J.: 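Take a look at the following structure, please.
Everything numeric in this text was worked out from a predicted model, so none of it was measured. As the structure lists them, so they are numbered: ligands from 1, and atoms in each ligand from 1.
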Amino acid sequence: MKVLVVGGGGREHALVWKIAQSPIVAKVYCAPGNAGISEQATLVPIQANDLNGLLDFAMKEKINLTVVGPEEPLTRGIVDLFESNGLSIFGASRKAAELEGSKAFAKEMMKKYHLPTGDYEVFEDRKKAIDYIRKQGAPIVVKADGLAAGKGVILCKTVEEAIRSVDQIMVEKIFGEAGNRVVIEEYLVGEEASYLAFTDGKSILPLASSQDHKAIFDGDEGPNTGGMGAYSPAPVVTEEVNQRIVEKILRPIIQGMAEEGRPYKGVIYAGLMIHNGHPKVLEFNARFGDPETQPVLMRMKGDIIPILAACISGNLSRCKIEWENKASVCVVMASKGYPGAYEKGKVIGGFQETSRMEDVFVFHAGTAMVDGKFITDGGRVLGVTGLGENIPKAIGRAYQAVEKISWDGVQYRKDIGKKALCWL
Ligand code: AMP
Ligand code: GLY
């Protein structure tokens, strides 16, 4: 069969890498992809948001399955468009993806279906938002309602900071239209985890747990990024916590979405805060996490295609996934300046050495090829992923590879996976 993967980041490289291993896949395309992805797939120069361009390509090439990486094509309705043209596509429909596209909608769903989450209110009026902040006190969290590339959340230590954030979002519109409404939320404490599950709208098939590292600097300091590294499994997700996530969070939300006439098929990502063994939902995403997908798929055994197909056909209850009984750690190597304005076009060295290393895979995110050389072409450039018997060994493996790669201005965190060590 022929598969098209939509997107061009590290997550999409991991998807392409896994899909290309399927014995039933003859050819993989990726639109637009990146220089690293071109080693496993044919790149198609169509942007992930060019829905009609992608549809034309899929029709012309008779693509059997399309897999969508990023949120924007999902919230814009790529799944609805492909399905109405008779094409098979893996991902959440437009109405289902609203769970990610609107934080206010997501919170209403959590309230209605009794999912554990922080207290909150939604405001379209600046003054009412400010009154509520004064009443609640700090610390408190201010969120832009719409999509803001993972940056629309401001954690405020003081009431003044929270008021300032409301003004930035609603008046100065630093996140554009995403800031027409704000969600003001209780500040939750605990340890975070990312929990992804496949679903066909009825059954749920969890992926291995993972933990992201959102802040740019070691020790979770500095501004938030798209994610600077991740590991799997996340020891904070004990067997008991795992059960609570499935029973108190995933089942009710999937059932709730069906009841609302928004059947949810694809992959659902719950961002969780876990305190004393009790998970609360921070957010839902309607897609695979980036960089979580890189270490999670490194551990997944077997063929991913039958699972993706079962999510679409409604036969997921017959599927199961086996996981490598090892840990994996992904360290993101980023450009100087990221998550702010960053440099591009630097020549990357060291791939000859890392390509010879066992239990290591270097997933590309922002890379391009110029004159036969890999150059940096984005904020997050690489996701260097290592596999090991346990977390400390996987950390060691990933960083051994990281140390072999370099370019002018490279930055990465030195403490990916460290939080897992206190559980050992
Ligand atoms: P989100 O995009 O909603 O996941 O928020 C990004 C990050 O902000 C999360 O990964 C958390 O680290 C943090 N965050 C979001 N909401 C809360 C909250 N209610 N309490 C504490 N931290 C939060
Ligand atoms: N790693 C966070 C995200 O994919 O949203």
Side-chain angles (χ1 to χ4, degrees), residues 7 9-12 14-15 68-72 74-75 97 99-107 110 115-122 133 136 138-157 162 165 169 175 178 182-196 207 209-216 220-232 234 236 267-275 279-297 330-332 334 339 363 365 379-380 383 413 416 419:
R11 159 185 58 207
E12 287 77 19
L15 286 164
V68 186
E71 59 275 19
E72 243 193 89
L74 296 169
T75 54
L99 210 48
E100 170 164 8
S102 165
K103 289 187 190 294
F105 170 73
K107 291 296 279 189
M110 292 183 228
L115 275 69
T117 187
D119 289 339
Y120 76 102
E121 288 288 339
V122 182
I133 289 169
Q136 297 296 313
I140 195 154
V141 183
V142 180
K143 301 185 176 185
D145 174 47
L147 289 182
K151 294 173 194 125
V153 173
I154 310 179
L155 307 177
C156 305
K157 292 199 184 78
S165 303
I169 293 174
F175 304 119
V182 289
V183 175
I184 313 279
E185 195 175 286
E186 178 188 351
Y187 186 99
L188 297 174
V189 293
E191 185 166 347
E192 281 186 63
S194 302
Y195 199 94
L196 285 83
L207 283 89
S209 62
S210 55
Q211 190 176 95
D212 190 9
H213 297 64
K214 287 209 166 82
I216 183 75
D220 293 334
E221 297 288 339
N224 270 356
T225 68
M228 291 301 290
Y231 60 85
S232 172
V236 63
V267 63
I268 185 163
Y269 163 143
L272 305 169
M273 186 70 88
I274 300 162
H275 186 56
K280 285 190 176 175
V281 181
L282 292 174
E283 63 164 349
F284 282 116
N285 292 319
R287 52 170 175 82
F288 291 97
D290 188 347
E292 292 94 326
T293 304
Q294 291 84 313
V296 167
L297 291 189
C330 169
V331 179
V332 170
F363 295 106
R380 292 191 291 174
R413 280 181 61 160
I416 303 299
K419 257 186 257 171

J.: If we only count heavy atoms from C-beta on, is the R287 to L74 side-chain gap below 4.5 Å?
T.: yes
J.: Please round to the nearest 0.5 Å and tell me the distance separating atom CD1 of I416 and atom OH of Y231.
T.: 9.5 Å
J.: Kindly identify the option in K214, E192, E186 whose heavy atom sits closest to atom 12 (O) of ligand 1.
T.: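 It is E192 whose heavy atom sits nearest to atom 12 (O) of ligand 1.
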J.: Just to be sure I understand the cut-off, which residues have at least one non-hydrogen atom under 4.0 angstrom from an atom of ligand 2?
T.: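 Within 4.0 Å of ligand 2, the protein residues are D212, G226, Y269, N285, R287, G289, D290, P291, E292.
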J.: Looking at residues at least two apart in the chain, or sitting in another chain, which of them share a side-chain hydrogen bond (donor to acceptor under 3.5 Å, both in side chains) with D145?
T.: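 With neighbours one apart ignored, the set is S102, R181.
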J.: Using heavy-atom distances only, which candidate in L282, I184, N224 approaches atom 17 (C) of ligand 1 most closely?
T.: L282
J.: So that I can tick it off, tell me whether R413 and D220 are bridged by a salt bridge, with the cut-off set at under 4.0 angstrom between side-chain N and carboxylate O.
T.: yes
J.: By number and element, which atoms of ligand 1 are closer than 4.0 Å to a non-hydrogen atom of K103?
T.: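 Those atoms are 2 (O), 3 (O).
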J.: Who gets closest to atom 6 (C) of ligand 1 by heavy atom: V153, V142, V183?
T.: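 Minimum heavy-atom distance to atom 6 (C) of ligand 1 goes to V153.
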J.: Any Lys/Arg nitrogen of K419 or E191 sitting under 4.0 Å from an Asp/Glu carboxylate oxygen of the other?
T.: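 Judged by the 4.0 Å cut-off on N to carboxylate O distance, K419 and E191 do not form a salt bridge.
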J.: side-chain hydrogen bond (donor to acceptor under 3.5 Å, both in side chains) with E192: which residues, sequence neighbours excluded?
T.: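 For E192 there are no side-chain hydrogen bond (donor to acceptor under 3.5 Å, both in side chains) partners, ignoring immediate neighbours.
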J.: When you check the gap from the basic side-chain N to the acidic O, do E121 and K107 get nearer than 4.0 Å?
T.: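 Here E121 does not pair with K107 in a salt bridge, since their nearest N and O are not under 4.0 Å apart.
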J.: Between the candidates E283, E185, K143, which shows the shortest non-hydrogen contact distance to atom 15 (C) of ligand 1?
T.: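 Heavy atom nearest to atom 15 (C) of ligand 1 belongs to K143.
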J.: For F363, give me all partners under ring-ring contact (aromatic ring centres under 6.0 Å, His included), at least two apart in sequence or on another chain.
T.: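 Only H13, W17, F361 meet the ring-ring contact (aromatic ring centres under 6.0 Å, His included) criterion with F363.
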J.: Just go through T117, L155, L188, I154 and tell me whose heavy atom is the nearest to atom 23 (C) of ligand 1.
T.: L155
J.: Under 4.0 Å from a heavy atom of Y187: which atoms of ligand 1 are those, numbered in the order shown and with their elements?
T.: 20 (N)
J.: Check whether any side-chain heavy atom of I169 sits under 4.5 Å from a side-chain heavy atom of V142, and report yes or no.
T.: yes
